[in-house]
Protein chains: 2
Amino acid sequence: MKTDFCKPSRRSPRDRIVEAARDLFRRRGIRGTGVDAIADAADSNKMTLYRHFSSKDDLIVECLRQAGMEMDGFWRELEDTYPGDGLGQLRAWIRRIAEHLDGDTCQCEMMSAAAQLTDEEHPGREVIRLFKDAQRDRVVELCRRAGIADAELLADTLLLLIEGARAAQQSSGAEGPSARFAEIADAAILSFAGSGTASR
Amino acid sequence: MKTDFCKPSRRSPRDRIVEAARDLFRRRGIRGTGVDAIADAADSNKMTLYRHFSSKDDLIVECLRQAGMEMDGFWRELEDTYPGDGLGQLRAWIRRIAEHLDGDTCQCEMMSAAAQLTDEEHPGREVIRLFKDAQRDRVVELCRRAGIADAELLADTLLLLIEGARAAQQSSGAEGPSARFAEIADAAILSFAGSGTASR
DNA sequence: CGAAAATGTTACTGGTCGGTAACACCGTCG
DNA sequence: CGACGGTGTTACCGACCAGTAACATTTTCG
(Lines give C-alpha, C1' and ligand atoms only; values in the text may rest on other atoms or scores of the structure.)
Protein backbone atom coordinates (compact mmCIF):
# COMPACT_ATOMS: atom_id res chain seq x y z
CA MET A 1 0.00 0.00 0.00
CA LYS A 2 1.33 3.38 -0.86
CA THR A 3 1.37 5.86 1.97
CA ASP A 4 0.52 8.76 -0.29
CA PHE A 5 -1.96 10.40 2.08
CA CYS A 6 0.53 13.01 3.23
CA LYS A 7 2.14 13.58 -0.17
CA PRO A 8 -0.67 13.06 -2.66
CA SER A 9 0.98 15.29 -5.26
CA ARG A 10 4.23 13.35 -5.09
CA ARG A 11 4.39 11.09 -8.10
CA SER A 12 7.35 9.06 -9.21
CA PRO A 13 10.58 10.93 -9.91
CA ARG A 14 10.32 9.92 -13.53
CA ASP A 15 6.94 11.57 -13.93
CA ARG A 16 8.08 14.69 -12.14
CA ILE A 17 11.12 14.91 -14.37
CA VAL A 18 9.07 14.65 -17.54
CA GLU A 19 6.59 17.19 -16.22
CA ALA A 20 9.33 19.61 -15.24
CA ALA A 21 11.09 19.13 -18.56
CA ARG A 22 7.94 19.86 -20.53
CA ASP A 23 7.31 22.97 -18.49
CA LEU A 24 10.84 24.28 -18.89
CA PHE A 25 10.98 23.36 -22.58
CA ARG A 26 7.84 25.40 -23.14
CA ARG A 27 9.05 28.38 -21.16
CA ARG A 28 12.75 28.53 -21.91
CA GLY A 29 13.02 26.42 -25.02
CA ILE A 30 14.63 23.05 -25.47
CA ARG A 31 18.14 24.24 -26.13
CA GLY A 32 17.80 26.84 -23.42
CA THR A 33 17.05 24.28 -20.75
CA GLY A 34 19.86 22.33 -19.12
CA VAL A 35 19.44 18.91 -17.57
CA ASP A 36 20.51 20.29 -14.19
CA ALA A 37 17.67 22.80 -14.31
CA ILE A 38 15.21 20.03 -15.20
CA ALA A 39 16.35 17.78 -12.38
CA ASP A 40 16.24 20.71 -10.00
CA ALA A 41 12.75 21.79 -11.04
CA ALA A 42 11.57 18.20 -10.69
CA ASP A 43 12.88 18.25 -7.13
CA SER A 44 15.15 15.41 -8.12
CA ASN A 45 18.70 15.18 -9.37
CA LYS A 46 20.65 14.61 -12.52
CA MET A 47 21.62 11.02 -11.72
CA THR A 48 18.03 9.86 -11.34
CA LEU A 49 17.26 11.61 -14.59
CA TYR A 50 19.98 9.70 -16.38
CA ARG A 51 18.83 6.43 -14.83
CA HIS A 52 15.47 6.86 -16.53
CA PHE A 53 16.60 8.49 -19.76
CA SER A 54 19.72 7.59 -21.61
CA SER A 55 20.24 11.15 -22.79
CA LYS A 56 18.63 14.55 -22.97
CA ASP A 57 17.42 13.71 -26.45
CA ASP A 58 15.76 10.61 -25.03
CA LEU A 59 13.95 12.79 -22.52
CA ILE A 60 12.88 15.17 -25.27
CA VAL A 61 11.36 12.28 -27.19
CA GLU A 62 9.47 11.13 -24.13
CA CYS A 63 8.12 14.65 -23.58
CA LEU A 64 6.88 14.80 -27.13
CA ARG A 65 5.32 11.37 -26.80
CA GLN A 66 3.45 12.40 -23.67
CA ALA A 67 2.25 15.58 -25.34
CA GLY A 68 0.96 13.47 -28.19
CA MET A 69 -0.79 11.08 -25.83
CA GLU A 70 -2.49 13.96 -24.06
CA MET A 71 -3.83 15.16 -27.38
CA ASP A 72 -5.06 11.65 -28.14
CA GLY A 73 -6.91 11.73 -24.85
CA PHE A 74 -8.48 15.01 -25.82
CA TRP A 75 -9.63 13.58 -29.14
CA ARG A 76 -11.30 10.67 -27.37
CA GLU A 77 -12.88 13.08 -24.94
CA LEU A 78 -14.30 15.03 -27.86
CA GLU A 79 -15.72 11.89 -29.40
CA ASP A 80 -17.40 11.05 -26.11
CA THR A 81 -18.89 14.51 -25.73
CA TYR A 82 -20.12 14.84 -29.32
CA PRO A 83 -20.50 11.23 -30.42
CA GLY A 84 -20.59 11.00 -34.19
CA ASP A 85 -21.00 14.77 -34.50
CA GLY A 86 -18.06 15.79 -36.67
CA LEU A 87 -19.10 19.41 -36.82
CA GLY A 88 -19.57 19.65 -33.08
CA GLN A 89 -16.17 18.12 -32.48
CA LEU A 90 -14.52 20.45 -34.96
CA ARG A 91 -16.07 23.45 -33.30
CA ALA A 92 -15.20 22.28 -29.80
CA TRP A 93 -11.66 21.67 -30.95
CA ILE A 94 -11.37 25.20 -32.30
CA ARG A 95 -12.89 26.63 -29.14
CA ARG A 96 -10.42 24.74 -27.03
CA ILE A 97 -7.47 25.95 -29.05
CA ALA A 98 -8.68 29.53 -28.93
CA GLU A 99 -8.93 29.32 -25.17
CA HIS A 100 -5.48 27.86 -24.83
CA LEU A 101 -4.03 30.58 -27.04
CA ASP A 102 -4.66 33.19 -24.39
CA GLY A 103 -2.85 31.09 -21.83
CA ASP A 104 0.78 31.87 -21.28
CA THR A 105 1.93 28.47 -22.39
CA CYS A 106 1.66 27.43 -25.98
CA GLN A 107 -0.09 24.15 -25.33
CA CYS A 108 1.25 22.33 -28.33
CA GLU A 109 4.88 21.54 -27.72
CA MET A 110 5.12 19.91 -31.11
CA MET A 111 5.29 23.07 -33.14
CA SER A 112 7.82 24.97 -31.12
CA ALA A 113 9.85 21.81 -30.81
CA ALA A 114 9.91 21.48 -34.56
CA ALA A 115 11.35 24.96 -34.78
CA GLN A 116 14.01 24.20 -32.22
CA LEU A 117 15.11 20.73 -33.30
CA THR A 118 16.97 22.02 -36.30
CA ASP A 119 18.76 18.74 -36.76
CA GLU A 120 16.71 16.78 -39.26
CA GLU A 121 18.06 13.55 -37.79
CA HIS A 122 16.87 14.24 -34.28
CA PRO A 123 14.73 11.32 -33.08
CA GLY A 124 12.11 13.78 -31.86
CA ARG A 125 11.32 14.86 -35.39
CA GLU A 126 9.91 11.45 -36.16
CA VAL A 127 7.53 11.75 -33.22
CA ILE A 128 6.42 15.15 -34.41
CA ARG A 129 5.88 13.91 -37.94
CA LEU A 130 3.81 10.94 -36.81
CA PHE A 131 1.73 13.15 -34.54
CA LYS A 132 1.03 15.68 -37.25
CA ASP A 133 0.06 13.00 -39.71
CA ALA A 134 -2.32 11.40 -37.23
CA GLN A 135 -3.80 14.78 -36.37
CA ARG A 136 -4.41 15.53 -40.00
CA ASP A 137 -6.08 12.17 -40.57
CA ARG A 138 -8.29 12.78 -37.56
CA VAL A 139 -9.34 16.24 -38.71
CA VAL A 140 -10.03 15.01 -42.22
CA GLU A 141 -12.21 12.28 -40.75
CA LEU A 142 -14.10 14.82 -38.65
CA CYS A 143 -14.68 17.02 -41.69
CA ARG A 144 -15.89 14.02 -43.62
CA ARG A 145 -18.29 13.07 -40.85
CA ALA A 146 -19.46 16.67 -40.76
CA GLY A 147 -20.62 16.19 -44.32
CA ILE A 148 -18.04 18.48 -45.88
CA ALA A 149 -17.57 17.79 -49.57
CA ASP A 150 -13.86 18.54 -49.85
CA ALA A 151 -12.91 17.31 -46.41
CA GLU A 152 -9.18 17.36 -47.09
CA LEU A 153 -9.24 20.99 -48.13
CA LEU A 154 -11.14 22.18 -45.09
CA ALA A 155 -8.90 20.08 -42.87
CA ASP A 156 -5.77 21.63 -44.32
CA THR A 157 -7.32 25.07 -44.02
CA LEU A 158 -8.08 24.56 -40.36
CA LEU A 159 -4.68 23.07 -39.68
CA LEU A 160 -2.96 26.01 -41.32
CA LEU A 161 -5.09 28.44 -39.33
CA ILE A 162 -4.28 26.66 -36.09
CA GLU A 163 -0.56 26.49 -36.65
CA GLY A 164 -0.70 30.08 -37.79
CA ALA A 165 -2.54 31.16 -34.67
CA ARG A 166 0.09 29.58 -32.49
CA ALA A 167 2.94 31.07 -34.48
CA ALA A 168 1.34 34.52 -34.59
CA GLN A 169 0.83 34.32 -30.87
CA GLN A 170 4.55 33.92 -30.41
CA SER A 171 5.69 36.56 -32.85
CA SER A 172 2.96 39.18 -32.68
CA GLY A 173 1.59 38.59 -29.22
CA ALA A 174 -1.98 37.92 -28.15
CA GLU A 175 -3.33 41.12 -29.74
CA GLY A 176 -2.09 40.15 -33.18
CA PRO A 177 -3.89 38.17 -35.86
CA SER A 178 -4.35 35.24 -33.49
CA ALA A 179 -6.93 37.23 -31.53
CA ARG A 180 -9.58 36.53 -34.14
CA PHE A 181 -8.60 32.91 -34.72
CA ALA A 182 -11.87 31.37 -33.53
CA GLU A 183 -13.91 33.76 -35.63
CA ILE A 184 -11.84 33.05 -38.71
CA ALA A 185 -11.85 29.27 -38.24
CA ASP A 186 -15.61 29.19 -37.72
CA ALA A 187 -16.07 31.25 -40.86
CA ALA A 188 -13.94 28.76 -42.79
CA ILE A 189 -16.10 25.87 -41.61
CA LEU A 190 -19.25 27.76 -42.51
CA SER A 191 -18.09 28.58 -46.01
CA PHE A 192 -17.27 24.93 -46.61
CA ALA A 193 -20.45 23.61 -45.05
CA GLY A 194 -22.52 25.91 -47.22
CA SER A 195 -20.93 24.90 -50.50
CA GLY A 196 -21.73 21.20 -50.28
CA THR A 197 -22.95 18.59 -47.81
CA ALA A 198 -22.57 14.93 -48.55
CA SER A 199 -25.32 12.32 -48.61
CA ARG A 200 -25.83 11.06 -45.09
CA MET B 1 38.37 54.32 -56.01
CA LYS B 2 37.85 50.77 -54.93
CA THR B 3 39.62 48.16 -56.99
CA ASP B 4 36.78 45.68 -56.80
CA PHE B 5 37.12 44.45 -60.39
CA CYS B 6 38.94 41.29 -59.39
CA LYS B 7 36.82 40.47 -56.34
CA PRO B 8 33.38 41.71 -57.17
CA SER B 9 31.71 39.22 -54.85
CA ARG B 10 33.89 40.22 -51.92
CA ARG B 11 31.92 42.64 -49.84
CA SER B 12 32.93 44.07 -46.52
CA PRO B 13 33.59 41.63 -43.68
CA ARG B 14 30.62 43.06 -41.85
CA ASP B 15 28.25 42.23 -44.68
CA ARG B 16 29.68 38.77 -45.05
CA ILE B 17 29.28 38.15 -41.34
CA VAL B 18 25.63 39.18 -41.36
CA GLU B 19 24.98 37.10 -44.43
CA ALA B 20 26.68 34.05 -42.95
CA ALA B 21 24.87 34.52 -39.67
CA ARG B 22 21.48 34.69 -41.35
CA ASP B 23 22.24 31.59 -43.33
CA LEU B 24 23.40 29.62 -40.31
CA PHE B 25 20.57 30.88 -38.13
CA ARG B 26 18.11 29.62 -40.70
CA ARG B 27 19.74 26.24 -41.11
CA ARG B 28 20.94 25.40 -37.63
CA GLY B 29 18.92 27.74 -35.48
CA ILE B 30 20.04 30.74 -33.48
CA ARG B 31 21.02 28.92 -30.35
CA GLY B 32 22.56 26.16 -32.39
CA THR B 33 24.96 28.49 -34.14
CA GLY B 34 28.13 29.61 -32.43
CA VAL B 35 29.93 32.84 -33.16
CA ASP B 36 33.02 30.91 -34.22
CA ALA B 37 30.98 29.09 -36.84
CA ILE B 38 29.59 32.39 -38.10
CA ALA B 39 32.99 34.03 -38.37
CA ASP B 40 34.32 30.94 -40.07
CA ALA B 41 31.48 30.75 -42.57
CA ALA B 42 31.93 34.45 -43.32
CA ASP B 43 35.57 33.72 -44.12
CA SER B 44 36.48 36.10 -41.35
CA ASN B 45 37.23 35.70 -37.65
CA LYS B 46 35.69 36.22 -34.28
CA MET B 47 37.58 39.41 -33.47
CA THR B 48 36.36 41.21 -36.54
CA LEU B 49 32.87 40.06 -35.69
CA TYR B 50 33.10 41.57 -32.23
CA ARG B 51 34.52 44.82 -33.63
CA HIS B 52 31.29 45.28 -35.59
CA PHE B 53 28.83 43.83 -33.12
CA SER B 54 29.02 44.25 -29.40
CA SER B 55 27.56 40.82 -28.78
CA LYS B 56 25.90 37.87 -30.44
CA ASP B 57 22.52 39.34 -29.51
CA ASP B 58 23.53 42.53 -31.28
CA LEU B 59 24.29 40.50 -34.40
CA ILE B 60 20.95 38.73 -34.12
CA VAL B 61 19.17 42.07 -34.03
CA GLU B 62 21.03 43.25 -37.10
CA CYS B 63 20.09 40.05 -38.94
CA LEU B 64 16.44 40.56 -38.11
CA ARG B 65 16.65 44.18 -39.20
CA GLN B 66 18.11 43.21 -42.54
CA ALA B 67 15.47 40.56 -43.02
CA GLY B 68 12.84 43.20 -42.36
CA MET B 69 14.43 45.60 -44.81
CA GLU B 70 14.46 42.95 -47.50
CA MET B 71 10.76 42.43 -46.98
CA ASP B 72 10.20 46.18 -47.21
CA GLY B 73 12.00 46.11 -50.53
CA PHE B 74 9.73 43.34 -51.69
CA TRP B 75 6.65 45.33 -50.71
CA ARG B 76 7.87 48.30 -52.74
CA GLU B 77 8.62 45.99 -55.64
CA LEU B 78 5.05 44.72 -55.48
CA GLU B 79 3.67 48.25 -55.50
CA ASP B 80 5.75 49.04 -58.58
CA THR B 81 4.62 45.91 -60.42
CA TYR B 82 0.92 46.25 -59.56
CA PRO B 83 0.54 49.99 -58.89
CA GLY B 84 -2.62 50.64 -56.94
CA ASP B 85 -3.86 47.10 -57.52
CA GLY B 86 -4.38 45.75 -54.03
CA LEU B 87 -5.77 42.45 -55.21
CA GLY B 88 -2.92 41.90 -57.63
CA GLN B 89 -0.38 42.63 -54.93
CA LEU B 90 -2.10 40.30 -52.48
CA ARG B 91 -2.11 37.51 -55.02
CA ALA B 92 1.52 38.09 -56.00
CA TRP B 93 2.47 38.10 -52.36
CA ILE B 94 0.78 34.75 -51.79
CA ARG B 95 2.35 33.32 -54.92
CA ARG B 96 5.76 34.40 -53.76
CA ILE B 97 5.32 32.86 -50.34
CA ALA B 98 4.07 29.61 -51.81
CA GLU B 99 7.13 29.44 -54.03
CA HIS B 100 9.47 30.12 -51.16
CA LEU B 101 7.80 27.42 -49.07
CA ASP B 102 9.18 24.72 -51.32
CA GLY B 103 12.67 26.13 -50.96
CA ASP B 104 14.86 24.57 -48.31
CA THR B 105 15.15 27.78 -46.35
CA CYS B 106 12.22 29.21 -44.52
CA GLN B 107 12.49 32.67 -45.99
CA CYS B 108 11.03 34.51 -43.04
CA GLU B 109 13.56 34.49 -40.25
CA MET B 110 11.18 36.41 -38.05
CA MET B 111 8.93 33.53 -37.18
CA SER B 112 11.50 30.93 -36.38
CA ALA B 113 13.44 33.56 -34.48
CA ALA B 114 10.38 34.29 -32.39
CA ALA B 115 10.20 30.63 -31.47
CA GLN B 116 13.85 30.51 -30.53
CA LEU B 117 14.24 33.77 -28.61
CA THR B 118 12.42 32.45 -25.58
CA ASP B 119 13.59 35.35 -23.48
CA GLU B 120 10.84 37.94 -23.63
CA GLU B 121 13.41 40.65 -22.91
CA HIS B 122 15.61 39.82 -25.86
CA PRO B 123 16.14 42.97 -27.96
CA GLY B 124 15.33 41.00 -31.08
CA ARG B 125 11.76 40.51 -29.98
CA GLU B 126 11.09 44.21 -30.36
CA VAL B 127 12.30 44.08 -33.96
CA ILE B 128 10.04 41.13 -34.63
CA ARG B 129 7.06 42.86 -33.07
CA LEU B 130 7.57 46.03 -35.07
CA PHE B 131 7.96 44.06 -38.27
CA LYS B 132 4.82 42.05 -37.68
CA ASP B 133 2.80 45.15 -36.89
CA ALA B 134 4.01 46.90 -40.02
CA GLN B 135 3.30 43.81 -42.09
CA ARG B 136 -0.21 43.61 -40.75
CA ASP B 137 -0.85 47.27 -41.49
CA ARG B 138 0.43 46.80 -45.01
CA VAL B 139 -1.76 43.78 -45.67
CA VAL B 140 -4.82 45.51 -44.25
CA GLU B 141 -4.14 48.45 -46.55
CA LEU B 142 -3.84 46.12 -49.53
CA CYS B 143 -7.12 44.43 -48.64
CA ARG B 144 -8.76 47.82 -48.30
CA ARG B 145 -7.46 48.91 -51.69
CA ALA B 146 -8.71 45.62 -53.11
CA GLY B 147 -12.17 46.74 -52.12
CA ILE B 148 -12.63 44.18 -49.37
CA ALA B 149 -15.35 45.17 -46.93
CA ASP B 150 -13.85 43.72 -43.76
CA ALA B 151 -10.24 44.34 -44.66
CA GLU B 152 -8.92 43.60 -41.18
CA LEU B 153 -10.56 40.19 -41.08
CA LEU B 154 -9.22 39.09 -44.44
CA ALA B 155 -5.80 40.42 -43.51
CA ASP B 156 -5.74 38.44 -40.29
CA THR B 157 -6.99 35.38 -42.12
CA LEU B 158 -4.20 35.62 -44.66
CA LEU B 159 -1.61 36.30 -42.00
CA LEU B 160 -2.70 33.27 -40.02
CA LEU B 161 -2.61 31.12 -43.14
CA ILE B 162 0.87 32.32 -43.98
CA GLU B 163 2.33 31.79 -40.56
CA GLY B 164 0.58 28.46 -40.47
CA ALA B 165 2.04 27.43 -43.80
CA ARG B 166 5.52 28.20 -42.57
CA ALA B 167 4.99 26.39 -39.30
CA ALA B 168 3.39 23.38 -40.98
CA GLN B 169 6.29 23.26 -43.38
CA GLN B 170 8.64 22.83 -40.45
CA SER B 171 6.64 20.30 -38.48
CA SER B 172 4.87 18.28 -41.17
CA GLY B 173 7.19 18.75 -44.11
CA ALA B 174 6.41 20.00 -47.58
CA GLU B 175 3.75 17.35 -48.23
CA GLY B 176 1.68 18.42 -45.24
CA PRO B 177 -1.06 21.03 -45.09
CA SER B 178 1.28 23.70 -46.42
CA ALA B 179 1.21 22.05 -49.84
CA ARG B 180 -2.18 23.57 -50.57
CA PHE B 181 -1.45 26.96 -49.05
CA ALA B 182 -1.78 28.98 -52.25
CA GLU B 183 -5.05 27.31 -53.11
CA ILE B 184 -6.45 27.94 -49.64
CA ALA B 185 -5.30 31.55 -49.48
CA ASP B 186 -6.74 32.33 -52.90
CA ALA B 187 -10.03 30.79 -51.84
CA ALA B 188 -10.07 32.99 -48.77
CA ILE B 189 -9.56 36.11 -50.87
CA LEU B 190 -12.30 35.02 -53.24
CA SER B 191 -14.81 34.37 -50.50
CA PHE B 192 -14.16 37.83 -49.08
CA ALA B 193 -14.19 39.59 -52.43
CA GLY B 194 -17.52 38.04 -53.27
CA SER B 195 -19.25 39.09 -50.09
CA GLY B 196 -18.70 42.82 -50.45
CA THR B 197 -16.77 45.36 -52.53
CA ALA B 198 -16.43 48.95 -51.45
CA SER B 199 -17.43 52.07 -53.40
CA ARG B 200 -14.63 52.91 -55.80
C1' DC C 1 13.80 -7.30 10.05
C1' DG C 2 16.85 -7.43 6.10
C1' DA C 3 18.15 -7.45 1.35
C1' DA C 4 17.60 -5.26 -2.86
C1' DA C 5 16.22 -1.68 -5.62
C1' DA C 6 15.52 3.05 -6.29
C1' DT C 7 16.87 7.57 -5.20
C1' DG C 8 19.92 11.35 -3.58
C1' DT C 9 24.60 13.78 -3.06
C1' DT C 10 29.01 15.33 -4.41
C1' DA C 11 32.47 15.77 -7.41
C1' DC C 12 34.38 15.31 -11.62
C1' DT C 13 35.37 15.13 -17.01
C1' DG C 14 35.56 16.85 -21.54
C1' DG C 15 33.64 19.79 -24.50
C1' DT C 16 31.41 24.09 -26.25
C1' DC C 17 30.44 28.79 -26.17
C1' DG C 18 30.47 33.88 -25.67
C1' DG C 19 33.71 37.21 -25.14
C1' DT C 20 38.51 39.41 -24.53
C1' DA C 21 43.66 40.44 -24.75
C1' DA C 22 47.81 40.94 -27.20
C1' DC C 23 50.06 41.15 -31.21
C1' DA C 24 50.96 40.80 -36.20
C1' DC C 25 49.50 42.12 -40.93
C1' DC C 26 48.19 45.08 -44.76
C1' DG C 27 46.25 48.60 -47.41
C1' DT C 28 45.27 53.68 -47.63
C1' DC C 29 46.38 58.32 -47.44
C1' DG C 30 49.00 62.42 -45.91
C1' DC D 1 58.20 57.35 -45.77
C1' DG D 2 55.18 56.79 -41.60
C1' DA D 3 50.97 56.88 -39.11
C1' DC D 4 46.72 54.73 -38.89
C1' DG D 5 42.40 52.11 -39.31
C1' DG D 6 40.62 47.86 -40.49
C1' DT D 7 41.66 43.09 -40.45
C1' DG D 8 43.60 38.46 -39.19
C1' DT D 9 45.81 35.11 -35.76
C1' DT D 10 46.50 32.86 -31.49
C1' DA D 11 45.66 32.06 -27.06
C1' DC D 12 43.09 32.47 -23.28
C1' DC D 13 39.15 33.06 -19.59
C1' DG D 14 35.00 31.92 -17.17
C1' DA D 15 30.65 30.03 -17.55
C1' DC D 16 27.78 26.49 -18.81
C1' DC D 17 26.49 21.93 -20.15
C1' DA D 18 25.85 16.79 -21.12
C1' DG D 19 27.13 12.84 -19.07
C1' DT D 20 29.66 9.67 -15.49
C1' DA D 21 31.72 7.66 -11.14
C1' DA D 22 31.57 6.57 -6.42
C1' DC D 23 29.23 6.57 -2.47
C1' DA D 24 25.33 7.55 0.91
C1' DT D 25 20.52 7.35 1.74
C1' DT D 26 15.83 6.07 1.55
C1' DT D 27 12.12 3.19 -0.02
C1' DT D 28 10.09 -1.03 -1.23
C1' DC D 29 8.86 -5.60 -0.37
C1' DG D 30 9.68 -10.57 0.67
Side-chain angles (χ1 to χ4, degrees), chain A residues 1-22 24-25 27-63 113 116-119 121-124, chain B residues 1-22 24-25 27-63 113 116-119 121-124:
Chain A
M1 316 317 176
K2 299 186 71 179
T3 59
D4 54 346
F5 60 93
C6 74
K7 295 176 179 176
S9 66
R10 245 325 150 96
R11 286 166 306 157
S12 81
R14 189 178 195 279
D15 290 348
R16 278 177 295 156
I17 286 171
V18 174
E19 181 188 37
R22 288 181 61 186
L24 286 175
F25 287 164
R27 285 174 22 216
R28 311 208 202 272
I30 292 182
R31 307 194 87 130
T33 302
V35 286
D36 302 84
I38 296 172
D40 203 46
D43 207 27
S44 182
N45 56 79
K46 202 159 47 166
M47 271 316 297
T48 312
L49 190 155
Y50 276 103
R51 285 190 192 106
H52 286 285
F53 306 97
S54 66
S55 66
K56 183 184 178 182
D57 283 350
D58 196 24
L59 174 58
I60 293 171
V61 168
E62 178 59 26
C63 288
Q116 291 172 14
L117 302 182
T118 52
D119 183 6
E121 305 303 313
H122 193 290
Chain B
M1 318 317 172
K2 301 185 69 176
T3 60
D4 54 346
F5 60 93
C6 74
K7 295 176 179 179
S9 65
R10 247 317 150 97
R11 285 165 305 155
S12 80
R14 189 180 195 278
D15 290 347
R16 277 177 297 158
I17 286 171
V18 174
E19 181 188 38
R22 289 181 60 186
L24 287 176
F25 287 163
R27 283 172 24 213
R28 313 213 200 270
I30 292 182
R31 308 193 85 131
T33 302
V35 286
D36 302 83
I38 296 172
D40 204 44
D43 208 26
S44 181
N45 56 80
K46 203 161 45 166
M47 272 317 298
T48 313
L49 189 154
Y50 277 103
R51 285 188 193 107
H52 287 285
F53 306 96
S54 66
S55 66
K56 184 185 179 183
D57 283 350
D58 196 24
L59 174 58
I60 293 171
V61 169
E62 178 59 26
C63 288
Q116 291 172 15
L117 302 182
T118 51
D119 183 6
E121 305 304 312
H122 193 289

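The sequence lines fix the lettering, A, B, ..., with proteins before strands; numbering per chain opens at 1.
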D:dA18 P sits how many Å from A:Phe53 CZ, rounded? 15 Å
A:Val61 side chain reached by A:Phe53 side chain, heavy atoms, under 4.5 Å: no
Just the rounded figure in Å: distance from C1' of C:dC17 to CZ of B:Phe25. 13 Å
Distance in angstrom units between B:Arg11 CZ and D:dT7 P, rounded: 14 Å
Nearest-angstrom distance from the residue atom OH of B:Tyr50 to C1' of C:dA22: 18 Å
Going by salt bridge (Lys or Arg N to Asp or Glu O under 4.0 Å), name the residues that satisfy it together with B:Lys46, two or more places apart in sequence or in a different chain. B:Asp36
Return the value, rounded to whole Å, for the distance between atom NZ of B:Lys56 and atom C1' of C:dC17. 8 Å
Please enumerate all residues that pass side-chain hydrogen bond (donor to acceptor under 3.5 Å, both in side chains) together with B:Thr33, with sequence neighbours excluded. none
Please report the shortest heavy-atom distance between A:Tyr50 and A:Ser55, naming the atom on each side. CE2-CA, 3.9 Å
Its contact letters, B for base, S for sugar-phosphate only and - for none at protein heavy atoms under 4.0 Å, make nucleotides 5-15 of chain C read --BBB------
Kindly indicate whether the side chain of A:His52, heavy atoms from C-beta on, has any atom under 4.5 Å from the side chain of A:Glu62. no
Would you call B:Thr118 and B:Arg31 a side-chain contact if the rule is heavy atoms closer than 4.5 Å? yes
Just how far, in rounded Å, is P of D:dT9 from CG of B:Asp36? 13 Å
Mind calculating the distance between CD1 (A:Ile17) and C1' (D:dA18) to the nearest angstrom? 15 Å
Atom pair distance, as rounded to whole Å: CG in A:Asp40 and P in D:dC17: 12 Å
Assign B:Thr33 to base, sugar-phosphate, or nothing according to its heavy-atom contacts below 4.0 angstrom with the strands shown. sugar-phosphate
